[in-house]
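Ligands are counted one by one from 1 in listed order, and the atoms in each one are counted from 1 as well. Each residue takes its place number in the sequence, starting with 1.
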Amino acid sequence: VIPYAATHAWFSAGCSDTWMCSGIASRRDFYERISSLSMAPLWESLHQLVPPQPAPKYQPAHWDYDAVRPFLMESGALITAKEAVRRVLILENPAMAGTACITPTLYAGLQLILPGEVAPSHRHTQSALRFIVEGEGAYTAVDGERTTMHEGDFVITPTWTWHDHGNDSSKPMVWLDGLDIPMIALFNAGFAENGAEDEQEITIPEGTSDARFASGLLPVDWKPSRQTSPIFNYPYARTREALARLTKAGPPDACHGYKLRYVNPASGGAPIATMGTFMQLLPKGFATSPYRSTDGTVFSVVEGEGESTIGDRTFRWKKRDHFVVPSWAKVVHKASSETVLFSFSDRPVQERLDLWREDRGGK
Ligand code: GTQ
């Protein structure tokens, strides 16, 4: 028989009073007897199960690209993209070792694809986003169309779409993969299939989905069949231009600087149903007001350098670094040069469930 306290970590028998101790001993005996019926007393864990405010079991963390890159390149000599299927170094939350989670709902990794390589075609119910960190000219193919990727581009491979990646350029390409793997695992709703060929058949000229959906226009008789965006590459050139213009149009928001969210033009919602994606510009010298929200968020530094104080820890960052801000952790960003930050979180899911909260008061 496994002692009750061994399987129910919250049960502590700390006791100083004799009368109380005998009470606790009989309770413990009771807990052990009901545990054989797969039952447990709510009153011992109520406070943890229904906390007064979020108490994340994961922590802020930062990945310095100068430290990470040599290992990424070393992985390129260790295994081919074809053998690995996806050659990725997972960014794992230090408080969630062994889980492949960067937050309890999100997965992140850095994927390397070398010149001439192909990451073979497959599809799965997990949705993926790619945010291009280094390199030019590799492609992702999604449902019969290719898109060429550049630094700062945001590319989506929505749930159950066929996707493969290839690099016809002369340089390595590295991108941030963001997936909803932990969420899909929670629902036990994961399915996956490999393609018959390494590279899917290309049936649609490059740029077609951009022309049909990304110009403030939609095909006249087109009706969306799913929540995910019909645009699958949101190029950095356009995002950057929008941010640059905003800096001339008025003052920055105190908590966010100039911040935009990526959008599915057919719905106004997030491009991927499970993950919200954002881009923000912080002017040189700008410090954000303290802010917190319930969506744990992964950041990729696109331009600039500075530091973020997350809870009681401060991380200095620069271009191509990554960091994670847990749910309800107070964050302050300070930009020592003009900075652009990409980020993603589970905010659309929380909003759908009427759960999402923010606190702009910095308490
Ligand atoms: O590109 O399909 O980083 O399936 C992890 C799982 C990338 C992908 C990851 C994946 C992919």
Side-chain angles (χ1 to χ4, degrees), residues 61 63 65 68-69 71-73 75-76 78-93 96 98-114 117-135 138-149 153-167 172-200 228 232-234 271-275 277 298-300 320 322 324 342-346:
W63 290 265
Y65 196 65
V68 165
R69 192 179 188 281
F71 289 109
L72 260 179
M73 295 307 146
S75 77
L78 216 56
I79 191 166
T80 63
K82 187 173 158 74
E83 190 194 344
V85 183
R86 299 293 182 260
R87 189 205 288 114
V88 178
L89 298 185
I90 301 169
L91 304 182
E92 196 171 65
N93 195 286
M96 301 186 76
T99 64
C101 293
I102 191 161
T103 77
T105 56
L106 298 172
Y107 159 101
L110 289 170
Q111 180 158 176
L112 170 69
I113 183 154
L114 293 170
E117 286 192 319
V118 169
S121 180
H122 69 187
R123 65 175 177 173
H124 37 72
T125 51
Q126 293 82 358
S127 290
L129 66 86
R130 328 280 167 196
F131 185 72
I132 315 310
V133 169
E134 178 186 336
Y139 62 83
T140 284
V142 179
D143 278 350
E145 183 181 341
R146 269 187 190 177
T147 186
T148 305
M149 303 184 287
D153 289 359
F154 161 56
V155 174
I156 67 169
T157 56
T159 179
W160 209 236
T161 50
W162 291 106
H163 55 282
D164 50 83
H165 316 290
N167 189 348
M173 188 177 235
V174 177
W175 62 75
L176 172 68
D177 277 329
L179 286 91
D180 51 14
I181 287 173
M183 247 187 272
I184 302 326
L186 175 67
F187 295 126
N188 279 284
F191 293 88
E193 288 178 357
N194 289 323
E197 308 290 333
D198 281 354
E199 291 186 87
Q200 64 180 281
T228 42
F232 71 106
N233 188 350
Y234 294 74
I272 300 172
T274 48
M275 293 183 284
T277 42
V298 180
F299 286 84
S300 181
R320 299 191 173 111
H322 294 85
V324 58
F342 171 84
S343 59
F344 73 97
S345 78
D346 61 15

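Side-chain atoms of D177 and Q111 form a donor-acceptor pair, as typed in the model, at a separation below 3.5 Å. Residues H124 and H122 bring a donor and an acceptor atom of their side chains to less than 3.5 Å of each other. There is no side-chain donor-acceptor pair under 3.5 Å between Q126 and D180.
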Taking distance alone, no hydrogens or angles, what donor-acceptor pairs closer than 3.5 Å link side-chain atoms of residues 98-110 to residues at least two apart or in another chain?
residue : atom : partner : partner atom : Å
T99     : OG1  : M96     : O            : 2.6
T99     : OG1  : C101    : N            : 3.2
T103    : OG1  : T105    : N            : 3.2
T103    : OG1  : T105    : OG1          : 3.4
T103    : OG1  : L106    : N            : 3.1
T105    : OG1  : D346    : OD2          : 2.7

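Near ligand 1, residues R86, V88, Y107, Q111, H122, H124, R130, H163, H165, D177, L179 come within 4.0 angstrom through at least one heavy atom.
A ring-centre distance under 6.0 Å is not found for F154 and F131.
Going from atom OG1 of T277 over to atom CZ of F344 covers 9.5 Å, rounded to the nearest 0.5 Å.
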